[in-house]
Every structure is written in C-alpha cells, then in structure tokens.
J.: 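Encoded as structure tokens, here's the structure I'll be asking about.
In each ligand, atom 1 is the first atom listed, and ligand 1 is the first ligand listed.
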Amino acid sequence: MTELELMVDLHKYQARQGPGSTSDTLRALGLTGIDLEHHSPLVVADIGCGTGGQTRTLAQHLKGKIIAVDVFSEVLDRVNDASQSVDHQHKIETVQQSMDHLSFEAESLDLIWSEGAIYNMGFESGIKNWSRFLKPGGCLAVSELTWITQTRPREIETYWVNEYPEIDTSSRKIELLEQNGLTLSGYFYLPETSWMDHYYKPLEEGFSLFLDRHDHFDLAKKVVEDHREEIAMYRKYAAYFSYGFYVARKK
Ligand code: SAH
C-alpha cells in the first residue's frame with residue numbers, strides 16, 4: 001500500500017476526517033442567513049465530504065439536493081451506506097471527482113460547503129475556481145487552517161508553514177474572499193472540542209487497530225507518527241491556530 005492508501009485506510013473508519021462538529025456546521029449554516037423553516041429547495045455541493053458527517057447535518061436541516069463530492073470512493077461508500085439508514089437519503093447524491101476539476105454548471109449552486117478540505121487545492125485557488133459555480137446571491141461556507149494571533153512561536157510557525165504554506169490570519173483570508181467577489185457574512189474559529197473530542201481522540205483510538213491491520217509495516221508506522229506529531233503540535237499550540245469557518249456571499 002502507498003502512503004496515500006494507508007492514510008485513506010486510517011481515516012475511512014472515522015466519523016470525521018478533520019476538526020469540526022455538528023454544532024460548528026449548524027453555526028455556519030446560521031451565518032448563511034438561509035431561513036431554515038421557509039426556504040425553497042436548494043442545490044448544495046459539499047466538497048471534500050469525507051465520510052459525510054457534515055453532509056448528513058446539512059441534509060437534516062435543508063430542503064433540496066446535496067451533492068457530496070470526494071476524490072476517494074472508500075469515503076463515498078460510507079456516505080452512501082450511512083444515508084441508507086436515514087430518511088433524508090434521497091437528498092444526498094455522491095460524486096467521485098477531484099475538487100480542482102468539478103463539472104458543475106456555472107451559476108448552478110445555491111450553496112457550496114467544504115469543511116477541512118479546500119487546503120487540498122489551496123484556499124485561494126479553491127475560492128477562485130468554485131465561486132463561478134455559485135448563483136448570484138449564493139453562499140460559500142468553508143473551513144480553513146488559520147492563525148488566530150498575529151505572532152506565534154517559531155516551532156509552530158515552521159511546522160504549519162511547511163505542512164500548509166497558505167496558512168494565514170483570518171483578516172488575510174477575508175481579504176482574499178473580498179478580492180474574489182465574495183462578501184463575508186460571518187466568521188468564527190473552531191473551539192478546542194472540535195479538534196480533540198470530535199477528531200483527534202477518535203483518531204488516536206484507531207491507531208493500534210490500524211497498525212495491527214498493516215502488520216506494523218514501516219510506512220503504516222510513519223503515518224501514525226506523522227499524525228501523532230500533528231496532534232502533539234495542537235496540544236502544545238492550540239492558542240495560536242485553529243480552523244476558521246468563513247461564510248461569504250457572492251454578489
Ligand atoms: N469534510 C470532511 C472531510 C475533511 S478531510 C470532514 O470535515 O470530516 C478532507 C477530504 O478531502 C477527504 O475526505 C479527502 O478524501 C478529500 N480530498 C482530498 N483531495 C481531494 C480532491 N483533490 N478532490 C476532492 N476531495 C479531496
């Protein structure tokens with residue numbers, strides 16, 4: 001197995017593949033200004049949906065169709081399995097596609113959702129690419145790794161700049177949204193529980209089964225070590241970064 005295949009195998013059993021929670025999804029949904037009680041059916045894309053934690057929350061609260069997009073069939077299979085057991089199943093449609101080659105029609109979406117995934121193509125390139133799929137007045141809701149202070153210790157700066165060079169402050173991210181025809185409707189950053197309780201702790205609990213599954217193969221050990229390092233960085237430096245949730249409207 002390649003390192004990427006191992007990563008998918010580590011994550012596909014989890015409820016989430018990144019920091020976040022149902023209450024964060026609902027808080028961001030509140031910032032869109034959509035009247036949840038009285039709105040006409042919407043066409044929504046959930047890009048980089050993973051195993052669909054937030055997809056199901058959106059389906060429970062919105063009328064219309066949710067197109068859940070991910071590049072890996074393993075996670076989309078889990079979205080399909082899980083949605084069969086709930087009555088909003090007809091609303092979720094899965095599409096295996098890369099986020100940098102989406103085949104939506106221009107101005108066809110009311111809402112683009114993407115939690116913890118836009119970094120795969122980069123925030124700037126993601127918003128530049130995706131906003132053309134939004135109808136005028138449509139909303140974009142994305143979570144993105146963000147510095148929450150102006151300065152920070154060198155160790156964490158080096159770590160994240162190396163892992164994700166586009167990491168920046170919320171003011172810079174908001175400027176990028178504005179430069180690309182989007183007006184901010186709201187911003188917040190994820191609380192510690194969304195990292196630890198909903199993402200890192202369940203992931204850590206899966207490490208030993210994952211290693212057993214792969215006979216403690218060196219590459220599997222490396223995948224676990226890399227995740228352990230990331231988690232240690234979060235535990236040490238949670239005061240300096242988080243995922244920012246950005247909700248913005250197209251003019
Ligand atoms: N939104 C989910 C998953 C976040 S992890 C959650 O918050 O729990 C990032 C997701 O992006 C993964 O499911 C990964 O498979 C997907 N991904 C990575 N590269 C991608 C690409 N090029 N196109 C579409 N999805 C991609």
Side-chain angles (χ1 to χ4, degrees), residues 1-29 44-60 62 66-83 92-104 109 111-130 133 140-146 163-164 166-167 188-191 193-204 206 223 226-227 230-231 234 242-247:
M1 265 190 168
T2 64
E3 188 167 347
L4 185 63
E5 287 165 338
L6 286 165
M7 293 268 284
V8 173
D9 185 70
L10 172 65
H11 283 276
K12 72 180 180 192
Y13 298 101
Q14 298 295 323
R16 303 199 53 92
Q17 286 69 45
S21 70
T22 302
S23 63
D24 297 323
T25 301
L26 291 178
R27 188 171 171 191
L29 196 52
V44 182
D46 180 6
I47 304 175
C49 62
T51 54
Q54 73 291 316
T55 322
R56 286 181 290 281
T57 304
L58 294 173
Q60 274 159 11
L62 292 174
I66 304 188
I67 306 150
V69 182
D70 205 283
V71 78
F72 293 111
S73 60
E74 290 89 335
V75 292
L76 293 174
D77 290 345
R78 292 219 37 223
V79 176
N80 289 325
D81 290 347
S83 43
I92 300 176
E93 181 186 313
T94 53
V95 174
Q96 186 177 2
Q97 211 164 67
S98 184
M99 59 175 73
D100 48 8
H101 284 91
L102 297 170
S103 59
F104 297 113
L109 302 174
L111 178 61
I112 295 180
W113 206 269
S114 181
E115 293 194 29
I118 198 170
Y119 73 89
N120 286 295
M121 67 184 290
F123 184 83
E124 185 169 7
S125 151
I127 55 174
K128 277 192 193 328
N129 250 276
W130 300 350
F133 302 126
L140 173 76
V142 287
S143 69
E144 159 82 343
L145 194 67
T146 298
E163 293 291 320
Y164 184 52
E166 269 190 64
I167 185 171
F188 64 95
Y189 64 83
L190 305 192
T193 48
S194 302
W195 289 78
M196 293 310 309
D197 301 342
H198 297 280
Y199 177 48
Y200 283 154
K201 283 180 189 165
L203 193 62
E204 279 178 324
V223 167
D226 289 349
H227 282 82
E230 184 187 313
I231 298 169
Y234 184 75
S242 187
Y243 261 87
F245 220 131
Y246 301 83
V247 181

J.: Would you mind running through ligand 1 and noting each atom that sits below 4.0 Å from a heavy atom of S98?
T.: 21 (C), 22 (N), 23 (N)
J.: For Q54, counting its heavy atoms only, list the atoms of ligand 1 lying under 4.0 Å from any of them.
T.: 1 (N), 2 (C), 6 (C), 7 (O), 8 (O)
J.: Please identify which atoms of ligand 1 are closer than 4.0 Å to at least one heavy atom of G50.
T.: 3 (C), 13 (O)
J.: Consider side chain to side chain contact (heavy atoms under 4.5 Å, CB included). Of L29, I66, L26, T25, which one does Q54 pass it with?
T.: T25
J.: Would you say that R16 contacts E115 through its side chain, given a criterion of any heavy-atom pair below 4.5 Å between the two side chains?
T.: yes
J.: Which is it for Y164 and E144 under the side-chain hydrogen bond (donor to acceptor under 3.5 Å, both in side chains) test, yes or no, and what are the steps along the way?
T.: CA-CA 11 Å; Y164 184 52; E144 159 82 343; 2.8 Å; yes
J.: Any side-chain to backbone donor/acceptor pair from D24 onto S21? Under 3.5 Å, distance only.
T.: yes
J.: Before signing off on this row, confirm whether R16 and ligand 1 have an N or O atom pair separated by under 3.5 Å.
T.: yes
J.: Hey, is the main chain of Q14 close enough, under 3.5 Å, to the side chain of T51 for a donor-acceptor pair?
T.: yes
J.: Enumerate the atoms of ligand 1 whose separation from the nearest heavy atom of Q17 is less than 4.0 angstrom.
T.: 3 (C), 4 (C), 5 (S), 6 (C), 8 (O)
J.: Check each heavy atom of V71 against ligand 1 and say whether those closer than 4.0 Å belong to the side chain, the backbone, both or neither.
T.: both
J.: Under a 4.0 angstrom heavy-atom cut-off, which atoms of ligand 1 come close to G18?
T.: 8 (O)
J.: Please work out whether any backbone atom (N, CA, C, O) or any side-chain heavy atom from C-beta onward of C49 is under 4.0 Å from ligand 1, and answer side chain, backbone, both or neither.
T.: backbone
J.: Just jot down the ligand 1 atoms closer than 4.0 angstrom to any heavy atom of G116, in number order.
T.: 4 (C), 5 (S), 9 (C)
J.: F72 heavy atoms, cut-off 4.0 Å: which ligand 1 atoms fall inside?
T.: 15 (O)
J.: Nearest non-hydrogen contact with atom 12 (C) of ligand 1 belongs to which option: D70, T55, V8?
T.: D70
J.: Among all protein heavy atoms in this structure, tell me which lies nearest to atom 17 (N) of ligand 1, with the distance rounded to 0.1 Å.
T.: N120 ND2, 3.7 Å
J.: Take every heavy atom of Q97, measure it against each atom of ligand 1, and state whether any distance is under 4.0 Å.
T.: yes
J.: Starting at CG of L190, measure out to OH of Y243 and round the result to the nearest 0.5 Å.
T.: 9.0 Å
J.: With side chains defined as the heavy atoms from C-beta onward, is the minimum distance between H227 and M7 less than 4.5 Å?
T.: yes
J.: Please check whether A15 reaches ligand 1 - meaning an N/O of the residue sits under 3.5 Å from an N/O of the ligand, judged on distance alone.
T.: no
J.: Are F104 and W130 close enough that their ring centres sit under 6.0 Å apart?
T.: no
J.: For ligand 1, is there an N or O atom under 3.5 Å from any N or O atom of G48?
T.: yes
J.: Does G20 have a non-hydrogen atom less than 4.0 Å from ligand 1?
T.: no
J.: Is the closest heavy atom of D100 to ligand 1 under 4.0 Å?
T.: no
J.: Check whether any side-chain heavy atom of C49 lies under 4.5 Å from a side-chain heavy atom of V79, and answer yes or no.
T.: yes
J.: Give me the residue, atom name and distance of the protein heavy atom closest to atom 23 (N) of ligand 1.
T.: M99 N, 2.8 Å
J.: Does G116 offer a backbone N or O that forms a donor-acceptor pair with the side chain of S143 under 3.5 Å?
T.: yes
J.: Could you work out, with side chain to side chain contact (heavy atoms under 4.5 Å, CB included) as the rule, every residue matching Y189, not counting sequence neighbours?
T.: I148, Y187, S242
